[in-house]
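Below you'll find the structure, written out as structure tokens, and then a few comments.
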Amino acid sequence: MALKLGAYTACLHDRTLTEALDILKENGLTSVEVNTGGFIPAPHCPVDLLLSSATAREEYLATFADRGMELTGLNCNGNPLNPLPGVGPKHADDLRRTIRLAGLLGVKHVVTMSGTPGSDPDAKYPSWVVNPWDGVYMDVLDYQWGVAVQFWKEIDALARENDVRVAVEMHPHNLVFSPVTLKRLVDATGATNVGAEMDPSHLMWQGMDVIASTKWLGPLVFHAAAKDATLCPGVDIRGVLDTSFTRVPADAPAKVPTGYGFWCNAWPENPAWKFVAVGLGNDVPFWTEFLRALAEIDPDMAVNIEHEDAAYSQTEGLALAAKNLHSAAAAL
């Protein structure tokens, strides 16, 4: 038994699935994760076709098997609790469809985010509470957790029905953004098929100990991402909760969608932190210990590179990450 090293193909969204798989194979990667909805489109997974046709599913899985690769995860990151009518309901529906598709494909893990509701039943926009020292924010959190628990009980039941485990990425802007909040969700829902996708990058820039977090969650870690981050000089005056982003024009090419009429903003020129290729924020010995902690939980766990280092091209960054990840695995 050995960890399954691979990549999330979102960074190769402008390539066909076969082209993307060939790039992964060239880098010695055998595990594959594809997007199925949520924030971004699904160029590598024809969800509607696969839901409706057993033949299409067989052919789709053969595309991976013929290259000695395995489809280990379907990714549907979004905000299923967003009160905006053009965002939340769609992302929730995408997640339900993804769970059903995973069951039909025999893919055991669906990656997503917990989501964030509005502050109250009449709220128009989602509201992320970071530091509830003022008692009013406890009221907001009580309402939001009530919404989340109801939704996630349904998702847990659906996942169990389809023999799928849902791995929640602990991501800021979500109710679940840390090991403590992940465990709160599981405990509050009594979930059996909801756990964590251990993406260390978001824990890194929040100042958490990734290895300690992994060990603390233990068997609640279902799936993992290989994604690195580093603090930048800008953290001295911005702190990690910086809000000085700027709007991207509606007609800008290659803008990244987050919902109907909304997309990602532009980072500050001197950011507090940024994503970097695996091995550039934390050295290879760190990644060896991260892999060791994952293997102690599940020696067959999938660990998929998520490349978002803007200093490198899609293929260069992926190759660098793969090289350092292989070196870390070799040291186990």
Side-chain angles (χ1 to χ4, degrees), residues 6-24 31-67 69-82 84-115 151-152 154-169 171 193-194 197 222-223 225 255-264 302 304 306:
Y8 175 34
T9 64
C11 66
L12 301 171
H13 60 88
D14 57 345
R15 316 295 175 95
T16 66
L17 174 61
T18 54
E19 290 170 340
L21 295 182
D22 288 342
I23 291 171
L24 267 58
S31 170
V32 186
E33 185 177 322
V34 299
N35 202 73
T36 54
F39 286 134
I40 60 177
H44 298 149
C45 187
V47 176
D48 290 335
L49 174 62
L50 296 177
L51 282 170
S52 63
S53 170
T55 300
R57 292 193 292 272
E58 291 174 5
E59 293 174 350
Y60 185 70
L61 291 172
T63 304
F64 300 87
D66 289 348
R67 291 168 171 76
M69 309 182 86
E70 179 184 358
L71 181 60
T72 56
L74 302 183
N75 190 305
C76 191
N77 274 331
N79 184 355
L81 305 181
N82 193 319
L84 284 166
V87 182
K90 178 188 181 299
H91 290 185
D93 185 58
D94 286 348
L95 177 56
R96 295 184 187 100
R97 284 156 45 83
T98 297
I99 291 170
R100 294 187 183 100
L101 178 58
L104 291 170
L105 289 171
V107 175
K108 295 301 181 184
H109 293 103
V110 167
V111 178
T112 191
M113 296 174 184
S114 70
F151 176 80
W152 280 97
E154 173 207 337
I155 294 301
D156 180 58
L158 182 64
R160 190 162 50 249
E161 177 185 332
N162 287 273
D163 192 24
V164 170
R165 299 200 298 177
V166 179
V168 176
E169 180 178 346
H171 195 297
N193 287 53
V194 173
E197 189 233 15
F222 293 169
H223 194 79
K255 62 182 185 292
V256 179
T258 59
Y260 294 123
F262 296 92
W263 47 90
C264 286
N304 294 329
E306 185 175 358

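Using a distance-only test at 3.5 Å, with no hydrogens or angles considered, no donor-acceptor pair links the side chain of Ser53 to the main chain of Leu50. Remark: the backbone N or O of Asn193 is paired with a side-chain donor or acceptor of Asp156 at under 3.5 angstrom.
A distance of 5.5 Å separates CH2 in Trp152 from CG in Leu95, rounded to the nearest 0.5 Å. Interatomic distance, Leu105 CG to Leu51 CG, rounded to the nearest 0.5 Å: 8.5 Å. A distance of 4.5 Å separates CZ in Phe222 from CZ in Arg165, rounded to the nearest 0.5 Å. Atom CG of Asp22 and atom CE of Met69 lie 8.5 Å apart (nearest 0.5 Å).
In this structure, His44 and Ala20 approach most closely via the heavy-atom pair CE1-CB, 3.9 Å. Contact record, Ser31 with Thr72: OG-OG1, 2.6 Å, taken as the closest heavy-atom pair. The two residues Ser114 and Pro80 make their nearest non-hydrogen contact at O-CG, 4.0 Å. Counting all heavy atoms, side chain and backbone alike, Ala42 lies closest to Thr36 at CB-CA, 3.7 Å. Between Val107 and Val164, the shortest heavy-atom distance links the atoms O-CG2, 3.8 Å. For Gly115 against Asn79, the heavy-atom pair with the smallest separation is CA-OD1, 3.0 Å.
For Glu169, the salt bridge (Lys or Arg N to Asp or Glu O under 4.0 Å) criterion is met by no residue, not counting sequence neighbours. Partners of Asn35 according to the side chain to side chain contact (heavy atoms under 4.5 Å, CB included) rule, which considers only residues two or more places apart in sequence or in another chain, are Tyr8, Ile40, Asn75. With sequence neighbours excluded, the residues that form a salt bridge (Lys or Arg N to Asp or Glu O under 4.0 Å) with Glu154 are Arg96. Scanning for side chain to side chain contact (heavy atoms under 4.5 Å, CB included) contacts around Pro89 gives an empty result, with sequence neighbours left out. The salt bridge (Lys or Arg N to Asp or Glu O under 4.0 Å) search around Glu70 returns Lys4, not counting sequence neighbours.
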Could you walk me through whether Leu74 and Val111 satisfy the side chain to side chain contact (heavy atoms under 4.5 Å, CB included) test, starting with their C-alpha distance in whole Å, then the side-chain angles of each, then the deciding distance to 0.1 Å, before giving a yes or no?
CA-CA 6 Å; Leu74 302 183; Val111 178; over 6 Å; no
Could you give me the CA-CA distance, side-chain angles and deciding distance for Thr98 and Thr112, then say whether side chain to side chain contact (heavy atoms under 4.5 Å, CB included) is met?
CA-CA 10 Å; Thr98 297; Thr112 191; over 6 Å; no
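A donor atom on one side chain and an acceptor atom on the other are found under 3.5 Å apart for Thr18 and Thr16.
Ring geometry, His91 versus Phe39: the interplanar angle exceeds 60°, so the pair is classed perpendicular (tilted spans 30 to 60°).
At least one side-chain heavy atom of His223 sits under 4.5 Å from a side-chain heavy atom of Asn304.
Pairs engaging residues 49-61 under the salt bridge (charged side-chain N to carboxylate O under 4.0 Å, His left out) rule: none recorded [sequence neighbours left out].
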